[in-house]
Amino acid sequence: MRCQKLHDWEVTPEEAERIQLSLASRIQRSLESRAPIRPSTVAGAVVSAEAAAVAVLRTSDFAMVEAQRVELPRPVATPMHYRPGLMAFAYGPALLRAFELVESPVDVVMFRAHGIAHPRRLGLAAHLGLLLGVPSVGCADKLLCGEHAPPGLERGEWTPVRDGDEIIGACLRTRGGARPLFVSPGYALSVEGSVDLALLTASRYRMPEPLREARPLAEGH
DNA sequence: GCGACAG
DNA sequence: ATCTTGTCGC
């Protein structure tokens, strides 16, 4: 996959936040097109302290058709250097190198991170979706910002995540009785479209299949 | 102002 | 990441 270069990655935290604010307006425009998506392939992208991994799955049978892994440069993502809200600046370069290795066509990407459910509306999933020019969704275990009511216990039930007047994501029950997942639009998808994609890709398990496949690639080896 | 804070 | 609890795989 090819990726657009819109800015430097080696920047101060203050500069990183300015970049996020300037890119967030492009995301906003991309969310206006709320065409329902019927992907034939979905990629999952996961990072760990050691590596970034991308797994490409076919939606017909959820078989993995390609996997790529890139080790992180040693000093970048140590806990000491990680800042909530700036995750993309810690892991973005390695993730994009993994995407550059991907040869298969990818219709949509799911990230184990937030999309627009972010203090400046540019979580890693939104940021990288924009640079890749591919619709994307963020799927996280816990909230970074915003408020929500607890969703019902049945699979498919969800409540909006709100920050002030804005709806920035969904608290979604992807599996009955299990802890909900926080889903938010990345690039070129609405909240409803993001919920639909999460439910399409997660059936037996709480976590969407592309992320379940990518996780051990990022951690293992 | 203080603490919490995606991975 | 790290900790704890609830998720997940047998």
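Proteins come first, then strands; the chains are lettered A, B, ... in the order of their sequence lines, and each starts at number 1.
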- Ion pair check, A:Asp165 and A:Arg162, cut-off under 4.0 Å: no
- Query: Between A:Arg97 (side chain) and A:Val70 (backbone), is there a donor-acceptor pair under 3.5 Å?
  - Reply: no
- Task: Say whether, by atom type as modelled, one donor and one acceptor occur between the side chain of A:Glu157 and the main chain of A:Glu154 under 3.5 angstrom.
- Result: yes
Say we look at [N] and [M]: how far apart would their [atom1] atoms be, to the nearest angstrom?
| N | M | atom1 | answer |
| --- | --- | --- | --- |
| C:dT7 | C:dC3 | C1' | 15 Å |
| C:dT5 | B:dG1 | P | 35 Å |
| B:dG7 | C:dC8 | P | 14 Å |
| B:dG3 | C:dG6 | P | 27 Å |
| C:dG9 | B:dA6 | C1' | 26 Å |
| C:dA1 | B:dA4 | C1' | 15 Å |

For residues 109-122 of chain A, run the donor-acceptor check on the side chains, cut-off 3.5 Å, and write out each pair with its distance to 0.1 Å, sequence neighbours left out.
residue  : atom : partner  : partner atom : Å
A:Arg112 : NH2  : A:Asp141 : OD2          : 2.8
A:His114 : NE2  : A:Lys142 : O            : 2.8
A:His114 : NE2  : A:Leu144 : N            : 3.4
A:His118 : ND1  : A:Arg120 : N            : 2.9
A:His118 : ND1  : A:Arg121 : N            : 3.4
A:His118 : ND1  : A:Leu122 : N            : 3.3
A:His118 : NE2  : A:Gly85  : O            : 2.8
A:Arg120 : NE   : A:Gln20  : OE1          : 2.6
A:Arg120 : NH2  : A:Gln20  : OE1          : 2.9
A:Arg120 : NH2  : A:Gly85  : O            : 3.4
A:Arg121 : NE   : A:Glu166 : OE1          : 3.3
A:Arg121 : NE   : A:Glu166 : OE2          : 3.3
A:Arg121 : NH1  : A:His118 : O            : 2.7
A:Arg121 : NH1  : A:Asp163 : OD2          : 3.4
A:Arg121 : NH2  : A:Asp163 : OD2          : 3.1
A:Arg121 : NH2  : A:Glu166 : OE2          : 3.0

- Query: What distance separates A:Ser194 OG from A:Phe182 CZ, expressed to the nearest 0.5 Å?
  - Reply: 15.0 Å
Taking atom [atom2] of [N] as reference, at what distance in whole Å does atom [atom1] of [X] sit?
| X | N | atom1 | atom2 | value |
| --- | --- | --- | --- | --- |
| A:His118 | B:dA4 | NE2 | P | 19 Å |
| A:Arg173 | C:dG6 | CZ | P | 12 Å |
| A:Leu143 | B:dA4 | CG | P | 16 Å |
| A:Glu147 | B:dC5 | CD | P | 14 Å |
| A:Gln20 | B:dA6 | CD | P | 14 Å |
| A:Asp141 | B:dA4 | CG | P | 19 Å |
| A:Leu144 | B:dA6 | CG | C1' | 5 Å |
| A:Phe182 | B:dC5 | CZ | P | 12 Å |

[X] side chain: which of [options] is closest?
| X | options | result |
| --- | --- | --- |
| A:Ala49 | C:dT7, C:dA1, B:dA6 | C:dA1 |
| A:Lys142 | C:dC8, B:dC5, B:dG7 | B:dG7 |
| A:Ala178 | C:dA1, B:dA6, C:dT7 | C:dT7 |
| A:Leu124 | C:dC8, B:dA6, B:dG7 | B:dA6 |
| A:Arg179 | C:dC8, C:dT7, B:dG7 | C:dT7 |

- Within the structure shown, what part of the strands sits under 4.0 Å from A:Gly138 by heavy-atom distance: base, sugar-phosphate, or nothing? nothing
- Counting any heavy atom closer than 4.0 Å, what does A:Leu95 reach on the DNA or RNA strands: base, sugar-phosphate only, or nothing? nothing
- Under a 4.0 Å heavy-atom cut-off, which of residues 193-214 of chain A touch DNA chain C? A:Tyr205, A:Arg206, A:Arg212
- Message: Looking only at the side chains, is there a donor atom on one of A:Ser104 and A:Glu66 sitting less than 3.5 Å from an acceptor on the other?
- Response: yes
- Do A:Tyr187 and A:His127 have ring centres separated by under 6.0 Å? no
- Task: Report the secondary structure of DNA chain B in dot-bracket form, marking unpaired bases with a dot and bases paired to a different strand with |, and treating Watson-Crick or G-U pairs with both distances under 3.5 Å as paired.
- Result: .......
- Looking only at heavy atoms, which two atoms of A:Glu213 and A:Pro216 are closest? And how far apart? O-CD, 3.5 Å
- Closest heavy-atom pair and its distance - A:Leu217, A:Val54: CD1-O, 4.4 Å
- If you draw the axis of the six-membered ring of A:Tyr205, does the NZ or CZ of A:Arg212 fall within 45° of it and under 6.0 Å from the ring centre? yes
- Task: Please say whether more than 12 non-hydrogen atoms of neighbouring residues, nucleotides or ligands are located less than 6.0 Å from CZ in A:Arg215.
- Result: no
